[in-house]
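Values reported hereafter were calculated over all heavy atoms of this structure, with side chains retained and with hydrogens, waters and symmetry mates removed. Computed from a predicted model, the values in this text were never measured in an experiment.
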Amino acid sequence: MFREIWKSGKDKYECVVDDIDGDGLNELIAAHKKRITVYRNFKKIKDFKVDCEIFGFVISDLDNDGVKELFVTDGNKGVAYENWEKIMETELGLSSIWLNCAVGDINNDGTKELIIAGQTTTKKKKETPKPKIVAYSDWQSIWSPEIEGISFWATEEKGGGFLCLDIGDADNDGKDEVIAGTVTKRIHVFKDGKEKWSGRANTGTTEPPTVNACVIGDALNDNKNEIITGAGDNTLRIFKEEKQVWKMKTRDTPRSIAIGDVDNDGENEIVMSYLNDEEVTVLKKGKILWDDIVKDHSWDREVIIADVDNDGKNEIIATGDRIRIFKYSPS
């Protein structure tokens with residue numbers, strides 16, 4: 001059903017797929033330790049050392065000058081590069097645990113902002129980490145909301161704060177919202193700098209009370225976006241605005257979710273990976289299309305949908321101790 005067409009060498013990887021050099025072709029940009037490796041059509045074209053351990057990174061035109069930048073962070077600091085030259089470094093004060101980065105026009109001014117979510121660092125043993133989101137425009141902090149009413153079961157070592165993050169038009173009004181899941185069973189939605197709503201996305205009665213994955217996309221193929229969440233009660237949920245409209249029990253806690261057309265039929269599928277095992281699952285119209293073990297797909301890594309080989313068709317990219325890429329192959 002899906003065949004593996006490429007895999008990387010063995011290491012700890014995160015990756016994105018983007019046209020980093022503006023030539024009209026997508027590149028696979030892999031992050032491992034303090035290195036960025038760029039592949040085009042599976043051939044290495046760039047190997048670059050950055051100034052910090054990489055726990056989160058994005059590629060986008062972050063200063064709105066028409067040229068894409070690479071931004072990397074270890075939580076404590078963030079560093080930006082343009083044309084592989086460092087142009088900015090800033091202190092963030094976040095832990096490297098559950099660190100998430102995303103890009104979108106959150107204040108709807110026609111330019112993109114960089115949003116980083118996670119938890120604060122702690123200096124004392126009994127000090128509780130706090131959830132934190134911060135947004136940057138042209139490298140200046142423009143927004144960092146106070147999140148009220150969030151208590152923590154977790155220590156910094158076990159994880160806390162915001163566990164997942166996405167940006168998109170969640171309410172289909174043509175404007176971007178920020179969504180983030182927490183360790184307190186809730187999904188939070190921010191609009192125009194304020195919390196619009198938060199809803200319970202985990203109904204389990206045992207630990208952990210987490211919302212581990214969240215994404216905005218047209219999961220129901222109705223030409224409208226929904227919010228899709230994966231939670232510690234082993235459940236995948238779909239929300240339209242504040243209303244839950246669909247749910248499905250999963251084999252384990254969903255850790256990463258992607259929405260896109262992976263079988264090239266013009267309709268979107270849901271692809272997800274799990275917190276405690278190596279399986280990757282593809283759902284089509286609520287039913288399992290493909291489910292298989294992906295070797296070296298460690299628990300804390302992602303699944304991505306993108307046209308990584310520039311043939312006009314999407315592939316599934318699974319990150320972990322290796323990057324593995326799968327292409328739909330009808331039987």
Side-chain angles (χ1 to χ4, degrees), residues 11-15 31 54-56 75 95-102 117-119 129 131 150 152-166 179-188 199-217 219 227-239 244 246-259 269-283 288-305 316-324 326:
D11 209 325
K12 295 287 186 181
Y13 284 102
E14 295 182 39
C15 73
I54 303 169
F55 287 89
S95 167
S96 62
I97 301 173
W98 299 109
L99 192 62
N100 295 276
C101 302
Q119 66 181 33
I150 294 181
F152 285 85
W153 69 278
T155 65
E156 184 176 9
E157 288 75 22
K158 292 183 179 179
F162 291 105
L163 307 186
C164 54
L165 172 73
D166 198 21
I179 66 170
T182 71
V183 298
T184 56
K185 301 186 179 183
R186 305 192 74 80
I187 185 76
H188 295 259
R200 193 167 184 178
N202 181 329
T203 57
T205 57
T206 59
E207 306 292 3
T210 53
V211 179
N212 296 74
C214 63
V215 67
I216 298 169
I227 295 174
I228 304 91
T229 65
D233 59 351
N234 297 351
T235 306
L236 188 72
R237 292 177 171 85
I238 298 178
F239 294 85
Q244 179 183 298
W246 182 85
K247 69 178 181 178
M248 173 184 172
K249 294 300 290 184
T250 56
R251 58 150 37 95
D252 189 61
T253 298
R255 175 63 187 95
S256 175
I257 304 169
I259 307 295
E269 287 77 45
I270 299 173
V271 179
M272 61 181 165
S273 61
Y274 301 96
L275 187 64
N276 297 304
D277 61 35
E278 294 183 315
E279 278 83 357
V280 170
T281 301
V282 178
L283 296 179
I288 294 176
L289 176 67
W290 183 66
D291 183 77
D292 204 353
I293 292 175
V294 175
K295 293 181 179 179
D296 307 309
H297 184 64
S298 55
W299 70 271
D300 57 344
R301 304 302 173 177
E302 294 183 304
V303 286
I304 300 167
I305 298 172
I316 298 172
I317 302 100
T319 69
D321 293 340
R322 297 183 194 269
I323 299 171
R324 294 180 181 266
F326 298 86

**Q** Can you name the residues that form a salt bridge (charged side-chain N to carboxylate O under 4.0 Å, His left out) with D291, not counting sequence neighbours?
**A** R251
**Q** Give the intermediate values and the outcome of side chain to side chain contact (heavy atoms under 4.5 Å, CB included) for residues I317 and V303.
**A** CA-CA 6 Å; I317 302 100; V303 286; over 6 Å; no
**Q** Checking R237 side chain against A201 main chain: does a donor-acceptor pair fall under 3.5 Å?
**A** yes
**Q** Measure from the side-chain N and O atoms of D277 to the backbone N and O of E279, and report whether any donor-acceptor pair falls under 3.5 Å.
**A** yes
**Q** Distance from I227 atom CD1 to D166 atom CG, nearest 0.5 Å?
**A** 9.0 Å
**Q** Can you check whether L163 reaches T182 side chain to side chain, under 4.5 Å on heavy atoms?
**A** no
**Q** Using 30° and 60° as the class limits, which term best fits the ring planes of F326 and W290: parallel, tilted or perpendicular?
**A** tilted
**Q** If you compare all heavy atoms of I238 against all heavy atoms of A219, which two are closest, and at what distance to 0.1 Å?
**A** CD1-CB, 4.0 Å
**Q** Verify, without hydrogens or angle tests, whether D233 (side chain) and N202 (backbone) share a donor-acceptor contact under 3.5 angstrom.
**A** no
**Q** How many angstroms lie between atom CD1 of I257 and atom CG of L283, to the nearest 0.5 angstrom?
**A** 9.5 Å
**Q** Among T253, T281, N234, find the residue that satisfies the side chain to side chain donor-acceptor pair (under 3.5 Å) test when tested with Y274.
**A** T281
**Q** V280 versus D292: any side-chain heavy-atom pair under 4.5 Å?
**A** no
**Q** Go through the side-chain N and O atoms of R186 and T229 and say whether any donor and acceptor fall under 3.5 Å apart.
**A** no
**Q** Does any part of the side chain of L236, heavy atoms only, come nearer than 4.5 Å to the side chain of M272, both counted from C-beta?
**A** yes
**Q** I'd like to check V271 versus I305 (side-chain heavy atoms, cut-off strictly below 4.5 Å). Are they in contact?
**A** yes
**Q** Do you know the tightest heavy-atom contact between G232 and N212?
**A** N-OD1, 3.7 Å
**Q** Between atom CD1 of I179 and atom CD1 of I228, what is the distance when rounded to the nearest 0.5 Å?
**A** 7.5 Å
**Q** Identify the heavy atoms of C15 and I304 that sit nearest to each other, and give their distance.
**A** O-CD1, 3.1 Å
**Q** Calculate, to the nearest 0.5 Å, the distance between atoms OH and CD1 belonging to Y13 and I323 respectively.
**A** 6.0 Å
**Q** Search all heavy atoms of A231 against all heavy atoms of P254 and return the closest pair with its distance.
**A** O-CD, 3.7 Å
**Q** Ignoring hydrogens, what is the shortest heavy-atom contact between E302 and S256? Give both atom names and the distance.
**A** CA-OG, 3.5 Å
**Q** Got a second to check how far R255's CZ is from T210's OG1, nearest 0.5 Å?
**A** 9.5 Å
**Q** Between C164 and C214, what is the shortest heavy-atom contact and its length?
**A** SG-SG, 3.1 Å
**Q** How many angstroms lie between atom OG1 of T235 and atom CD of Q244, to the nearest 0.5 angstrom?
**A** 8.5 Å
